[in-house]
Student: 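Pasting in a structure now, in structure tokens, and then I'll have a few things to ask.
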Amino acid sequence: MPSNPIEIQIKSLRKKIEELNYQYYVLDDPSYPDSHYDKLINELVLLEQNNPEFITNNSPSQRVGGQALSSFSRITHLTPMLSLDNVFDSDSFNKFYERISSKLGNGHSLKFTCEPKLDGLAISCVYKNGNLIHAATRGDGRIGEDVTHNIKTISSIPLKLRGDFPDLLDVRGEVFMPKASFEKLNKNAIENGDKVFVNPRNAAAGSLRQLDPKITAQRKLSVYFYALGVAEFGNEQAGSNIAQEGYENIQEKLDHYLANSHFERLKQIQSWGLPICNEVELRSDDIACLEYFKEIGDKREQLPYEIDGIVYKIDSILEQKKLGFVAKAPRWAIAHKFPAQEEITILKDVDFQVGRTGAITPVARLEPVFVGGVMVSNATLHNKDEIDRLDIRVGDYIVVRRAGDVIPKIVNVVLDKRNNNTSPIIFPKKCPICQSDLEKETDQAIYRCTGGLICSAQKTQSIIHFVSRKAMNIDGLGDKLVEVLCENNLIDNVADIYQLSKENLIDLERMAEKSANNLLLAIEKSKQTSLAKVIYALGIREVGEVTAMNLANNLLDFKNIANSSLEDLEKIEDIGPIVAKHIVAFFKNKNNLQVINSLIDFGIYWPKIQPKDESELPLLNQTWVLTGSLSQLKRADAKTLLQLLGAKVSGSVSKNTNCVVAGESAGSKLTKANDLGIKVITEDEMLMIIESFKNVKPSVEQ
DNA sequence: CTACCTCGAGCTCA
DNA sequence: CTCGAGGTAG
């Protein structure tokens with residue numbers, strides 16, 4: 001116990017503040033006015049300022065925002081953050097229900113936890129021994145951004161857990177800005193002439209991406225937690241990571257620490273001091289779920305936060321485990337989205353864009369319209385067939401929908417409103433840029449410009465592709481600059497980039513000494529690259545990142561690729577007759593060969609790829625067996641990865657088996673492996689092994 | 001497809 | 001202050 005009276009006072013203040021937070025945010029019971037809370041916080045901040053030796057990093061005083069960061073760092077999630085499958089109508093939900101109910105096949109109706117789907121951003125918070133250690137955004141699901149400094153300013157996020165919490169906890173939730181905070185924020189912004197946010201979601205996202213947490217602290221964000229990532233009690237895992245044990249064992253542990261019910265687990269999460277949405281309910285079957293959807297839909301406007309649908313999750317954790325995962329989403333949950341928002345606007349014009357491959361894409365220019373939380377002014381019309389299907393004319397009133405929250409779609413024309421001022425969309429007969437003829441392959445919808453590189457649009461686009469991040473990765477050379485360089489005839493093909501001089505650049509707008517130097521440096525840096533990137537950068541039709549990688553790894557050498565016959569190419573994974581034809585044609589083209597030669601003359605180089613020898617196959621002569629359902633990889637992918645390391649992947653366990661990888665609900669193979677005393681590892685462990693060998697692969701740099 | 005944040009650098013005007 | 005580039009999110 002602390003003996004210093006000031007320390008005692010500080011600790012008691014913290015305790016009082018935490019208690020108030022808990023009452024307010026978790027129990028939803030504001031027993032004291034805000035002013036009381038503010039008074040306590042001010043008192044604490046003052047005391048800590050005068051006695052800095054007692055400051056801790058989970059003191060509630062941290063909520064006003066500490067030091068600004070200089071950059072975001074990355075955090076690997078303890079277990080991946082998955083996404084959810086969507087349905088947009090009850091029919092699709094019914095199909096989902098039938099699918100899983102037949103899969104579980106136990107005859108009784110399935111219980112679901114129903115939760116409003118908050119429109120914010122997903123975060124993961126990690127607590128060790130009850131203290132908030134860090135918080136991260138979703139990122140790509142595996143690695144997210146460290147936003148701990150901003151998360152700490154959210155008053156509803158406990159810095160310390162209470163109750164019977166796990167020693168290690170990774171809890172997932174949604175950060176959002178309540179409607180009221182959003183309105184207040186924008187009202188202030190208007191008064192101060194600051195910029196206003198277009199919707200609460202973007203305001204929340206923008207606030208979390210702030211380097212200076214003091215700004216975040218002023219934006220009243222909130223959070224509801226909805227899932228457990230990892231929970232460890234003592235040394236034993238009781239979270240969702242259990243893999244290598246039979247059901248009985250899992251059940252035993254669950255009984256001990258965590259409920260076998262998602263709904264009950266949410267209550268447990270709540271009992272640890274983490275706020276849960278109070279609209280969450282347990283429903284007994286599919287019909288009750290749809291009733292819930294209706295009920296929440298009816299009071300959607302009245303809710304203090306924005307939601308975009310309902311999430312149904314199978315309540316039984318054991319049933320969840322039986323169902324497992326598809327790709328990046330669980331099979332046992334689904335998001336039922338509210339109908340996509342639609343608005344009527346006017347089609348002002350249609351532009352025809354020419355892409356890198358000559359594809360002509362009609363782009364609708366719309367009278368800007370606010371739909372689904374953003375201003376939409378452009379939408380793709382895809383191709384001629386789509387224009388015909390919609391029977392759309394310039395000047396028409398059209399319905400724009402933003403479904404799945406991303407790409408706007410022109411749904412139909414409001415024919416009733418069509419007037420005499422409309423004019424038909426004339427699909428061009430010639431390329432709008434270079435006037436070359438267009439061609440269309442039978443049974444394909446896309447028209448293409450036949451101009452090739454004499455078409456300035458194709459030329460520019462192919463250069464933009466060449467310099468892009470996944471290709472040659474020339475930093476600082478963006479779309480706009482490429483266009484300017486092309487317009488000024490400073491470059492005509494991708495090789496010309498490498499003979500740009502400072503004198504060339506410096507006359508351009510917004511391009512002075514410093515920028516020119518930086519660009520030349522970046523160009524120089526890009527010369528060192530890899531074979532796969534060069535192949536990708538060339539922009540051969542149908543050859544994307546993956547195919548380029550396959551070509552590089554299989555044929556090992558540029559000359560091999562350039563001289564391959566159709567037959568050679570078709571032997572490679574994922575390359576069929578069409579792709580092979582494109583590759584052969586590309587390397588037959590004199591012009592292309594000339595550009596490639598120039599590139600090499602200008603000093604583009606890449607490390608030779610060594611054919612794999614035995615020393616690079618750490619699992620050579622080993623036999624591995626996969627069993628149970630894997631959650632992160634498809635079975636076939638796991639097999640390929642192991643084979644790449646030299647292992648033989650067999651279907652059954654025998655005394656010759658070296659290692660068994662057991663996924664969720666592994667069965668007899670696992671039992672047999674245990675009987676024979678064969679090494680058994682989890683999916684995560686396998687991934688770690690694969691990852692570790694990746695790193696020791698002999699380096700082929702320089 | 002849009003919105004947002006951050007950064008470096010150029011431009012502009014005092 | 002403004003712009004473009006780069007990155008993130010849904």
Side-chain angles (χ1 to χ4, degrees), chain A residues 68-75 81 83-84 86 117-123 136-141 143-147 149-150 174-177 182 185-186 189 193-213 215-216 219 306-309 328 335 337 340-341 353 361 363-366 368-382 400-410 464 467-470 473-485 505-519 521-522:
Chain A
L69 259 56
S70 55
S71 69
F72 291 107
S73 46
R74 313 188 151 276
I75 286 181
M81 289 182 84
S83 47
L84 288 174
N86 290 320
K117 189 172 193 311
L118 298 167
D119 198 9
L121 15 14
I123 52 146
T137 60
R138 189 176 180 299
D140 62 3
I143 298 171
E145 262 183 333
D146 185 344
V147 288
H149 63 302
N150 287 331
E174 190 88 352
V175 171
F176 60 95
M177 184 176 284
F182 171 72
L185 178 67
N186 270 356
D194 291 343
K195 71 163 159 304
V196 295
F197 288 97
V198 53
N199 60 41
R201 202 204 74 79
N202 285 353
S207 305
L208 267 203
R209 297 201 43 71
Q210 213 74 47
L211 286 175
D212 183 355
I215 301 176
T216 315
R219 312 270 178 86
E306 295 212 324
I307 61 174
D308 58 356
K328 280 180 181 339
K337 296 286 193 91
Q341 274 135 310
Q353 285 182 347
T361 312
V363 180
R365 307 295 178 194
L366 312 174
V369 60
F370 196 71
V371 44
V374 297
M375 259 314 170
V376 173
S377 29
N378 304 305
T380 174
L381 282 165
H382 299 107
V400 178
R401 171 191 299 163
R402 234 168 69 99
D405 286 329
V406 192
I407 293 148
K409 185 179 163 55
I410 297 179
I464 289 174
V467 304
S468 66
R469 220 163 72 87
K470 289 172 171 177
N473 190 20
I474 303 183
D475 249 16
L477 188 44
D479 304 10
K480 287 270 154 47
L481 190 47
V482 172
E483 277 166 22
V484 171
L485 292 172
L505 296 170
I506 223 149
D507 302 333
L508 301 174
E509 223 164 286
R510 292 209 143 254
M511 190 43 98
E513 186 89 19
K514 185 78 182 163
S515 302
N517 279 337
N518 284 347
L519 180 57
L521 229 59

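Each chain gets a letter, A, B and so on, in the order its sequence line appears, and its residues count up from 1.
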Student: Could you tell me how far apart A:Phe72 (CZ) and B:dT6 (P) are, to the nearest whole angstrom?
Tutor: 7 Å

Student: With no hydrogens and no angle check, is any side-chain donor or acceptor of A:Asn473 less than 3.5 Å from a backbone partner on A:Ser468?
Tutor: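 Not at all, since once roles are kept as given, no pair shorter than 3.5 Å links the two residues.
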
Student: If I take atom CG in residue A:Asp146 and atom P in nucleotide B:dT6, what distance separates them, rounded to the nearest angstrom?
Tutor: 15 Å

Student: With A:Arg74, which residues qualify under side chain to side chain donor-acceptor pair (under 3.5 Å), at least two apart?
Tutor: none

Student: Checking the side chain of A:Asn199 only, and the main-chain atoms of A:Gly373 only, is there a donor and an acceptor separated by less than 3.5 Å?
Tutor: yes

Student: Taking N and O atoms by type only, does the side chain of A:Arg510 place a donor or acceptor under 3.5 Å from a partner on the base of C:dT2?
Tutor: yes

Student: Of the options B:dC4, B:dT2, C:dT8, whose atoms approach the side-chain atoms of A:Asn378 most closely?
Tutor: B:dT2

Student: With a non-hydrogen cut-off below 4.0 angstrom, is A:Ser70 in contact with a base, only sugar-phosphate, or nothing?
Tutor: sugar-phosphate

Student: In whole Å, what is the span from the CD atom of A:Glu174 to the P atom of C:dA9?
Tutor: 12 Å

Student: Under 4.0 Å between any heavy atoms, over every strand shown, what does A:Ser377 touch: base, sugar-phosphate, or nothing? Just pick one.
Tutor: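 Sugar-phosphate only.
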
Student: With a non-hydrogen cut-off below 4.0 angstrom, is A:Thr137 in contact with a base, only sugar-phosphate, or nothing?
Tutor: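 Touches sugar-phosphate only.
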
Student: Touch check for A:Leu208, heavy atoms < 4.0 angstrom, all strands: base, sugar-phosphate only, or nothing?
Tutor: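 The answer is nothing, as A:Leu208 stays clear of every strand by at least 4.0 Å.
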
Student: Any side-chain heavy atom of A:Asn378 within less than 4.5 Å of one from A:Leu366?
Tutor: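 Side chain of A:Asn378 against side chain of A:Leu366, heavy atoms only: no contact under 4.5 Å found.
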
Student: Given atom CE of A:Met511 and atom C1' of C:dA5, what is their separation to the nearest angstrom?
Tutor: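 About 11 Å, once rounded to whole Å.
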
Student: Filter on side-chain hydrogen bond (donor to acceptor under 3.5 Å, both in side chains), then keep only pairs touching residues 202-212 of chain A, sequence neighbours left out; what's left?
Tutor: A:Glu145-A:Arg209, A:Ser207-A:Arg219

Student: Measure CG/A:Asn86 against C1'/C:dG10 and give the value in whole Å, please.
Tutor: 11 Å

Student: Without decimals, in angstroms, what is the distance between A:Arg469 CZ and C:dG4 P?
Tutor: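 Spelled out: CZ on A:Arg469 to P on C:dG4 is 21 Å.
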
Student: Scan A:Ala205 against the nucleic acid and name what it touches under 4.0 Å (heavy atoms): base, sugar-phosphate only, or nothing.
Tutor: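 A:Ala205: no heavy atom of the nucleic acid under 4.0 Å.
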
Student: What is the nucleic acid contact for A:Gly120, judged by heavy atoms within less than 4.0 Å: base, sugar-phosphate only, or nothing?
Tutor: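 Here A:Gly120 touches the backbone only, sparing every base.
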
Student: Using a heavy-atom cut-off of 4.0 Å across all strands, would you classify A:Gly139 as base, sugar-phosphate, or nothing?
Tutor: sugar-phosphate

Student: Please report the distance, rounded to the nearest Å, between CD1 in A:Ile407 and P in C:dG10.
Tutor: 15 Å

Student: Given B:dC4, is OP1 or OP2 found less than 4.0 Å from the side-chain N or O atoms of A:Arg219?
Tutor: no

Student: Could you check A:Val374 against A:Ser515 and say which one's nearest nucleotide on DNA chain B is further toward the 5' end?
Tutor: A:Val374

Student: If each of A:Asn518 and A:Asn202 is mapped to the nucleotide of DNA chain B with the nearest heavy atom, which maps nearer the 5' terminus, i.e. the 5' end?
Tutor: A:Asn202

Student: Tell me what A:Ala122 touches on the nucleic acid: a base, only sugar-phosphate, or nothing, going by heavy atoms under 4.0 Å.
Tutor: sugar-phosphate

Student: For A:Asp475, answer base if it contacts any base atom (sugar-phosphate contacts may also be present), sugar-phosphate if it contacts only those atoms, and nothing otherwise; contact means non-hydrogen atoms under 4.0 Å.
Tutor: sugar-phosphate

Student: I'd like to check A:Ile506 versus A:Glu513 (side-chain heavy atoms, cut-off strictly below 4.5 Å). Are they in contact?
Tutor: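 They are in contact (side-chain heavy atoms under 4.5 Å apart), so the answer is yes.
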
Student: Using whole Å, report how far NZ of A:Lys328 lies from P of C:dG10.
Tutor: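 After rounding, the reported distance stands at 14 Å.
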
